[in-house]
Amino acid sequence: MSTVYDPQAVEADAQASWNETECFRATESGDGEKFYCLAMFPYPSGRLHMGHVRVYTLADVINRYRRLKGYNVMQPMGWDAFGLPAENAAIKNQIPPAKWTDDNIDYMRTQMKRLGFGLDWSREFATCEPEYYHWEQWFFIKMYEKGLVYRKNSVVNWDPVDQTVLANEQVVDGKGWRSEAPVERREMAQWFMKITDYAEELLDELDEMDGWPESVKSMQRNWIGRSEGVEIDFPVNGSDEKLTVFTTRPDTLIGATYVAVAAEHPLAEQAAEDDPDVAQFIERCKQATTAEADLAMMEKEGIATLATVEHPLTGESLPVWVANFVLMEYGSGAVMSVPGHDQRDWEFARKYDIPIVQVIEPVGDESCDLEVEAFVEYGRLLNSGDFDGLTSEDGFNAIADALEAKNLGRRITNYRLRDWGVSRQRYWGCPIPMIHCDDCGVVPVPESDLPVVLPTDVTFEGVRSPLTTMESFLNVDCPRCGKAARRETDTFDTFMESSWYFVRFACPDANSPMVDERAKYWAPVDHYVGGIEHAILHLLYARFYYKLMRDEGLVVGDEPFKRLMMLGMVLQDGKKMSKSAGDAGDPQKLLDRYGADAVRTAMMFAAPPDQSFEWSEAGLEGAMRFLKRFWTLVGDHLENEAGPFEPSELSEAAAALRRKTHETLKRADDDYGRRFQFNTVVSAVMELCNEIRDFKPATAADHGVVREALRTAVLVISPIAPHIAHELWGQLGETDSLVGYPWPAVDEAALVQASVEMVVQVNGKVRGKIEVPTDADQATVLDLAKGSENVARHLKDKTLRKEIVVPNKLVNLVVG
RNA sequence: GCCUGGGUGGCGAAACUGGUAGACGCGCCGGAUUCAAAAUCCGGUUCCUUUGCGGGAGUGUCGGUUCGAGUCCGACCCCAGGUACCA
């Protein structure tokens, strides 16, 4: 054994051995219960950054730990290859997106291999390959035929100078990032998938998902946003039309003093025809982005129209306003306003001198002063005619009944969740397999003509998608009537690819249909690891897609991810890595200098998985030092002859080391398997190594105890630092592969201690420590506590009022 | 704005079920080794006070519950993620 730890040599050897035995290649016939371990696949942005190192190391730790526990583990890797950055690179550097993407994949794959992840590379694919997106197109048409796909108008960010649609990210301070022209809201026909049909199931199932963090379930619940309320019709005066609004507070209906509609609402457009001021206001409303955060923080503005509606219960005439905070995308694009009992309406009414009427009074001691703010709590109805005196709950029902009786309203369940808009006006994505025919309208591409292949030999002229001007792509015969027609040039949202890739990994070569029987063995994913930034969108779309696939008989079960581990962000300059500029996050130079094990150990040791932290190289030296010490510890030990030992005949010091060994084993098992906290596993192994260092073995039996401790340390650290563990395992004379070696049982007898230290508090402050026999009775403990010197001083001349004993932990003596 | 997290020494953190706050590591200080340095090894290291024993304060801020609060409750401040076209 070399006395110097050389990570480059050790790591090359270990990796060669894994490649040779193909120990990470997964098959359905493997021994043990199946375990599908998956980290969210990366977007090939260029080089790995420390955020990637973190997520893939964490997943690999779980992978390797599960193998030690006897599972048949599958851990694949692939590439989420479509996306905006490839197009930006193409526009900037004139490199075709396909080439840019392929180069990035090659570089990142090499880096991943260098990190020693136990991946089954035979399953690798990139989503930009026609063999993959073929099935996405196929499935989309299936869903179209099923009525779960439809087309409607929806708002986009329009850059009037570049004549193109911008992503929210490409809008900076309301201006296009390249043109710097103010963006406009513009409506366009787009494809949608009916995720709202599954809203109830997506919501209700969260309650059963024990393997998901509460915070993520809570975010998804709020995002889906189920609410019970009433849909109310306000007849439009001078027309047969009705203005329909939704409210969760019909108890406040009598207090409605106006209604407000979105700028794109037909009533607003009608009003604009007669009133240039309204027309001008509507134009101004278009000078905004589509981002909800911008809209929610925007100054609330509006303009009155001459139109009025009739209050459905009082018959009173209410003015119709056009307001910038009402959005056509949400519900019906209209709201009723009750300024007395809704804070936003109150502020709006104050600003524009609209009457504020109180129709709810508090029943408890809440303050209510409509001069100061709206009263938004539930209470008792007043100024509401026949409904006066009812509680809000009863008023809700009485008013809903009255509306239903007049056929001007109905109780409904409303969801905040909106249907999934999947159209993107971009080049580097999966072509939407639809054809536009002048005679037949929209016609799906026939199954036999799939896939619609994205041409990769393209040049960017300006910023618009090359597809829009590529005649060879555009021109196609209508599959229905045979006349000349045109292809859809929009591509899919990239969340489409990431919504089912994890099923495809089970059978990456399946070619009819999208997945085969192997998917039923591997899916669902048993442990899914990824960044917290995906808590809502990706995970919700993937859950939805899995249900769609279930309903097609392609997968079994209702949910795609049994256990979910959400990682905090690795920050750089206070920002998430994928957003920060430069390549300071590139791990390459760290791998060259310290090796993969040190990088992996430092990353795992830095923080618990769910916590965000600022990456710093400071921990690398420490990790490297630890690995060197570990190496030397084993080397020194091997100079001695280790013999067998009888646990009951060990010296006190040797028994203490054995106890530490088995405590470490127990703690690590709990941290790996239950708590999913790996920084403390590293600490535990460091502590064990420190105790081995401090132990002075005198006999062959003592060396045997050290051997057991080192063997345990190697096994426990192996999921985190697998290369050095592979080498030291062999050095310690083990001939079986460490990958998948059975995790040893804890010797409970080794954990038993004769006495424990207890803390003695007086009035909650620590005043002494006592050594007592384990599980000593209360009287013995109290006697020892009161007799301890410093404690006795604090008890002197005081009256003992209370004695609290927490067995084997502490005593608290309360004096007055 | 709204939803979800987070805030503990000089720094990364630990404290799992309300029971010794700061394990483990980084950094720093002192020592050994060395001609010297690097590397390595040993010791110390929350702050204030004390020669020492000890005493006091302390987990973002303010308040509460409790024998006892980093942990539970209420209000607030700051930071991060998401906010439907970044992925």
Side-chain angles (χ1 to χ4, degrees), chain A residues 40 42-43 45 80 82-85 88 156-157 165-171 190 213-223 225 290-298 325 329 344 417-426 493-495 498 531-538 540-541 566 568-569 571 574-576 578-579 602 605-608 610-616 618-623 625-626 628-629 632 667 670-671 674-675 677 679-680 682-687 690 693 757-761 763-766 769 789-790 793 801-804 806 809-814:
Chain A
M40 292 177 185
Y43 177 76
S45 51
D80 188 14
F82 279 135
L84 202 50
N88 292 335
V156 294
N157 298 309
V165 174
L166 298 179
N168 284 332
E169 193 189 45
Q170 297 172 308
V171 180
Q190 317 231 37
E214 273 312 317
S215 59
V216 175
K217 290 193 280 185
S218 185
M219 277 189 256
Q220 293 217 347
R221 269 186 206 109
N222 292 329
W223 183 264
T290 58
E292 201 226 16
D294 290 345
L295 290 160
M297 285 183 280
M298 200 161 55
F325 58 85
E329 316 258 291
R344 186 185 65 190
L417 182 69
R418 310 201 299 264
D419 276 337
W420 178 14
V422 296
S423 300
R424 296 293 179 271
Q425 295 70 45
R426 312 208 189 287
D493 176 7
T494 57
F495 277 125
S498 55
I532 183 70
E533 70 274 22
H534 294 295
I536 298 176
L537 292 179
H538 160 59
L540 195 62
Y541 292 142
M566 289 272 91
M569 318 275 335
L571 306 172
K575 286 243 171 294
K576 74 179 195 188
S578 56
K579 290 280 180 195
F605 189 49
D610 59 354
Q611 192 168 309
S612 296
F613 71 99
E614 184 85 12
W615 170 250
S616 122
L620 254 306
E621 290 290 347
R625 215 172 290 164
F626 161 64
K628 278 186 196 162
R629 268 200 299 261
T632 311
R667 240 177 95 182
D670 193 46
D671 283 352
R674 181 181 66 89
R675 295 217 298 158
Q677 181 173 283
N679 53 330
T680 45
V682 179
S683 305
V685 175
M686 284 174 169
E687 283 183 38
N690 290 345
R693 175 198 65 202
E757 188 185 68
M758 287 180 72
V759 161
V760 185
Q761 299 183 330
N763 285 351
K765 286 186 196 299
V766 178
K769 289 173 187 179
E789 192 192 326
N790 198 38
R793 190 160 66 229
R801 300 206 188 277
K802 202 165 185 176
E803 298 167 335
I804 287 138
V806 182
K809 278 210 171 126
L810 69 67
V811 176
N812 190 11
L813 303 169
V814 183

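In what follows, chains carry the letters A, B, and so on, assigned in the order in which the sequence lines appear, proteins first and then strands, with residues in each chain numbered from 1. Bear in mind the structure is a predicted one, so any value in this text is a computation, not a measurement. All values below come from the heavy atoms of this structure, side chains included, with hydrogens, waters and symmetry mates left out.
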Trainee: What pair of heavy atoms forms the shortest contact from A:N763 to A:N812, and how long is it?
Mentor: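 What the structure gives for the nearest pair is N-OD1, 3.6 Å.
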Trainee: If you check the A:K628 side chain, which of B:rC24, B:rU20, B:rU40 turns out closest?
Mentor: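 The answer is B:rU40.
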Trainee: Nearest to the side chain of A:Q761 - B:rA13, B:rU4, B:rA21?
Mentor: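 For the A:Q761 side chain, the nearest candidate turns out to be B:rA21.
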Trainee: Of the nucleotides B:rA21, B:rC67, B:rU4, which one has an atom closest to the side chain of A:V766?
Mentor: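 Comparing B:rA21, B:rC67, B:rU4 against the side chain of A:V766, the answer is B:rA21.
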Trainee: Quick one: closest heavy-atom pair of A:M40 and A:G531, and the distance?
Mentor: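 Taking A:M40 first and A:G531 second, the nearest heavy atoms are SD-N, 4.0 Å.
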Trainee: Would you please confirm or rule out a distance under 4.0 Å between OP1 or OP2 of B:rA15 and any side-chain N or O of A:Q677?
Mentor: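 For B:rA15, OP1/OP2 do have a side-chain N/O of A:Q677 under 4.0 Å.
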Trainee: Indicate whether OP1 or OP2 belonging to B:rA84 is found under 4.0 Å from a side-chain N or O atom of A:N168.
Mentor: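 For A:N168, the contact criterion (side-chain N or O under 4.0 Å from OP1 or OP2 of B:rA84) is met.
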Trainee: Is the phosphate of B:rG12 approached by A:S616 (side-chain N or O, under 4.0 Å from OP1 or OP2)?
Mentor: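 Negative; the distance criterion is not met.
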Trainee: Given the structure, check if the side chain of A:R221 and the base of B:rC3 hold any donor-acceptor pair shorter than 3.5 Å.
Mentor: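 In this structure, the two groups form no donor-acceptor pair.
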Trainee: Would you say B:rA23 has OP1 or OP2 under 4.0 Å from some side-chain N or O of A:N679?
Mentor: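 Checking A:N679 against B:rA23: no side-chain N or O falls below 4.0 Å of OP1 or OP2.
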Trainee: Examine the base of B:rG1 for any acceptor or donor lying under 3.5 Å from a partner atom in the side chain of A:E292, and report the outcome as yes or no.
Mentor: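 A donor-acceptor contact between them is present.
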Trainee: When you measure only distances, ignoring hydrogens and angles, does the side chain of A:N222 come within 3.5 Å of the base of B:rC3 through a donor and an acceptor?
Mentor: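 No pair found.
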Trainee: Hey, is B:rG9 sitting syn or anti, using the within-90° cutoff around 0?
Mentor: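 You should classify B:rG9 as syn.
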Trainee: Is the shortest side-chain N/O distance from A:K765 to OP1 or OP2 of B:rG56 below 4.0 Å?
Mentor: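 Result: no.
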Trainee: I'd like the C1' distance from B:rA37 over to B:rG44, given in whole Å.
Mentor: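 Result for the C1' pair: 24 Å, nearest Å.
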Trainee: For B:rC26, does OP1 or OP2 lie under 4.0 Å from any side-chain N or O of A:R625?
Mentor: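 A:R625 to B:rC26 OP1/OP2: side-chain N or O found under 4.0 Å.
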Trainee: Looking only at side-chain N and O atoms, does A:T494 come under 4.0 Å of OP1 or OP2 in B:rA87?
Mentor: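 Answer yes for this pair, as a side-chain N or O of A:T494 is under 4.0 Å from OP1 or OP2.
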Trainee: So, is A:R667 close to the B:rA15 phosphate, meaning a side-chain N or O under 4.0 Å from OP1 or OP2?
Mentor: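 The answer is no; no side-chain N or O of A:R667 sits under 4.0 Å from OP1 or OP2.
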